Engineer: 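Can you read through this structure? Questions will come right after.
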Amino acid sequence: MELKPFDKKVWLATPTMHSEELAFMEEAYKTNWMSTVGENINEVERLSAEYVGTKYAVGLSAGTAALHLAMKLAGIKKGDKVFCSDVTFAATVNPIVYEGGIPVFIDTEYDTWNMDPVALKKAFEIYPEVKVCVVANLYGTPAKLDEIREICDRHGAVLIEDAAESLGATYKGRETGTFGDYNVISFNGNKIITGSSGGMLLTDDLGAANKARKWSTQSRENAPWYQHEEIGYNYRMSNVIAGVVRGQFKYLDEHIALKKKIYMRYKEGLEDLPVKMNPYDEKTMEPNFWLSCMIIDEDAFGKQVRSDDKALYIKEAGKSTPTEILETLAKYNAEGRPIWKPMHAQPIFRMNPFITKDGNGRASTNAYIEGGIKDVGMDIFERGLCLPSDIKMTEEEQNKVIEIVKSCF
Ligand SMILES: *Cc1c(COP(=O)(O)O)cnc(C)c1O
């Protein structure tokens, strides 16, 4: 098959609108609730709590704002160490630092590409004083949330679940976003449903929900004037943005079904290549399949080096590298993305502790740390990549993406 570039760019993940969004935005306009108060916010809070299955939901300006308030609710103080997923978007981690906490990165497992419960156990042996743990569900695949919850409970630690990428995914029949004491979802533009931006804090704790709502609106006290006893933030969700999310909500299940189709088509189409899709345990989890990713088998992984801002690879027959595949996709006008670069290998966090399942570890720039211990997160970053996963991509377009990937081996 002769391959020509796509006329219309094939994207990683873009918003998919259905027109109800516009009606709810217009309602905000016509009723003049062009503010951080209004019916759309009330409805989106109700829908989020109902769908995910928590008692309370607080609408906020972003998932990052929700994570920040979760860190405050967890009581992080200056100098406190906080356990955290290592392979994730920086927004999982930064709010720890806003509160003066020190992120301690927990290595990843191959089973789910999420926090390794075995490494988490080790981390509690090394730092028994830690009282907060933040776990992310990468690309819409749940972490082993019951094991992680159990380990945290045993150590009296608060669990924060970053379900920004996994809205609608379930683990052992239960929605992600319910396993933490405080949970976060995001309506950022490329998430499974979107408000263009926006986020939500989810909890069963009424006191916590009330505190978050108060902090998010500049911490006004109940007084006739602007009275303040605490530091506040301008983190409340806009009623216009909430209109977009409100219109999207009933399409969440449809979006998940389309994402799953994309994942399954890749799985089938790439079957004959020495690659695997991002894994999940069919018996215990149903991901939302937000992004379809692949990882190249070790023996088919070509030579590739990455510095802080450049990558080079050597072309070898039968082998490939994420760099080659991403460059080739771009050449054909399709957008892929590297796996989240592990936080422990980021210049800003290079001095932070990093714990592997074998005990201690140290930031590495390749997949092996001193003594031959494998750094799983770095290995997945080196051999893996995200494939175009836009739900508006046609079957034909996806077949071509599959051909482009094949042409790299
Ligand atoms: C998108 C995302 C966030 C942040 O959400 P925003 O709404 O963009 O602030 C946090 N964590 C993860 C893992 C994400 O993918």
Side-chain angles (χ1 to χ4, degrees), residues 12-15 41 44-45 48 52 57-72 74 82-99 103 105-106 108 112-115 133-143 145 148 159-169 176-177 179-180 182-202 212 216 233-238 241-242 244-245 248 252 255 259 278 287-293 337-343 346 349 377 380-381 384 386 389:
L12 182 78
T14 60
I41 299 176
V44 167
E45 288 184 342
S48 300
V52 178
V58 181
L60 298 166
S61 56
T64 309
L67 279 158
H68 185 191
L69 297 185
M71 303 304 165
K72 284 178 73 74
V82 176
F83 295 148
C84 188
S85 291
D86 180 49
V87 175
T88 185
F89 185 42
T92 310
V93 186
N94 285 334
I96 298 172
V97 184
Y98 301 165
E99 287 305 299
F105 300 111
I106 309 299
T108 307
T112 67
W113 293 9
N114 287 307
M115 180 187 282
C133 175
V134 189
V135 63
N137 303 309
L138 210 67
Y139 302 129
T141 300
L145 292 163
I148 287 167
L159 181 64
I160 295 171
E161 191 191 343
D162 179 354
E165 299 179 2
S166 69
L167 176 58
T176 60
F179 288 85
Y182 313 115
N183 310 280
V184 169
I185 54 177
S186 164
F187 304 114
N188 176 300
N190 72 1
K191 299 282 157 55
I192 192 112
I193 58 168
T194 182
S196 71
S197 67
M200 196 70 68
L201 180 86
L202 301 165
S216 75
Y233 302 86
N234 182 6
Y235 278 176
R236 194 68 169 137
M237 180 180 268
S238 144
I241 299 256
V244 185
V245 181
Q248 288 258 287
L252 174 54
H255 286 196
K259 290 277 191 185
N278 49 327
N288 72 2
F289 301 95
W290 175 54
L291 292 188
S292 286
C293 309
R337 187 198 264 169
I339 299 298
W340 299 126
K341 180 171 174 175
M343 288 298 130
Q346 300 287 354
F349 294 124
I380 294 170
F381 171 65
C386 307
S389 305

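Since we're looking at a predicted model, the values are computed, not measured. All ligand and atom numbering here is 1-based and tracks the order in the structure.
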Engineer: Can you tell me the protein heavy atom closest to atom 11 (N) of ligand 1 and the distance?
Structural biologist: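 Checking every protein heavy atom, the shortest distance to atom 11 (N) of ligand 1 gives Asp162 OD2, 2.7 Å.
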Engineer: Evaluating non-hydrogen atoms only, which member of Asn190, Thr88, Thr64 is closest to atom 9 (O) of ligand 1?
Structural biologist: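 Looking at heavy atoms only, the winner is Thr64.
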Engineer: Any luck finding a side-chain donor-acceptor pair between Asn137 and Glu165 under 3.5 Å?
Structural biologist: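 No donor-acceptor contact under 3.5 Å links the two side chains.
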Engineer: Should you measure from each heavy atom of Gly198, which atoms of ligand 1 turn up under 4.0 Å away?
Structural biologist: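 Going through ligand 1 atom by atom, the ones under 4.0 Å from Gly198 are 7 (O).
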Engineer: Taking only heavy atoms of Ala91, which atoms of ligand 1 are found under 4.0 Å from at least one of them?
Structural biologist: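 Checking each atom against Ala91, I get 3 (C), 4 (C), 10 (C).
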Engineer: Looking only at protein heavy atoms, which one is nearest to atom 15 (O) of ligand 1, and what is the separation?
Structural biologist: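 Going by distance alone, atom 15 (O) of ligand 1 is nearest to Glu165 OE2, 2.6 Å.
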Engineer: With distance as the sole criterion, is a donor-acceptor pair present between the side chains of Asp162 and Thr92 under 3.5 Å?
Structural biologist: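 The answer is yes; a qualifying pair exists.
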Engineer: Given 3.5 Å as the limit, does a donor-acceptor pair link the side chain of Ser48 with the main chain of Val44, or not?
Structural biologist: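 Yes.
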Engineer: Hey, can you tell me if Tyr139 and Trp340 have their rings parallel, tilted or perpendicular (30° and 60° cut-offs)?
Structural biologist: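 Tyr139 vs Trp340 ring planes: parallel.
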Engineer: Could you tell me which non-hydrogen atom of Trp113 sits nearest to which non-hydrogen atom of Cys293, and how far apart they are?
Structural biologist: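 That would be CZ3-CB, 3.7 Å.
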Engineer: Which heavy atom in Ser186 sits nearest to a heavy atom in Lys191, and how many Å separate them?
Structural biologist: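 It is OG-NZ, 3.5 Å.
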Engineer: Which atoms of ligand 1 sit under 4.0 Å from any heavy atom of Ala164?
Structural biologist: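 With Ala164 as reference, the close atoms of ligand 1 come out as 2 (C), 3 (C), 10 (C), 11 (N), 12 (C), 14 (C).
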Engineer: Quick check: does Gly63 get an N/O under 3.5 Å from an N/O on ligand 1?
Structural biologist: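 Yes - when backbone and side-chain N and O of Gly63 are compared with those of ligand 1, one distance drops under 3.5 Å.
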Engineer: List the closest protein heavy-atom neighbour of atom 2 (C) of ligand 1: residue, atom name, distance to the nearest 0.1 Å.
Structural biologist: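 Going by distance alone, atom 2 (C) of ligand 1 is nearest to Lys191 NZ, 2.7 Å.
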Engineer: In terms of residue, atom name and distance, what is the protein heavy atom nearest to atom 8 (O) of ligand 1?
Structural biologist: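 Ranking protein heavy atoms by distance from atom 8 (O) of ligand 1, first comes Asn188 ND2, 2.9 Å.
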Engineer: Nearest heavy atom to atom 5 (O) of ligand 1: which of Ala66, Ser166, Ser186, Ser197 does it belong to?
Structural biologist: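 Result: the heavy atom closest to atom 5 (O) of ligand 1 is in Ser186.
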Engineer: Output, in order, the C-alpha distance, side-chain angles, deciding distance and verdict of side-chain contact (heavy atoms from CB on, under 4.5 Å) for Leu201 and Leu60.
Structural biologist: CA-CA 7 Å; Leu201 180 86; Leu60 298 166; 4.0 Å; yes
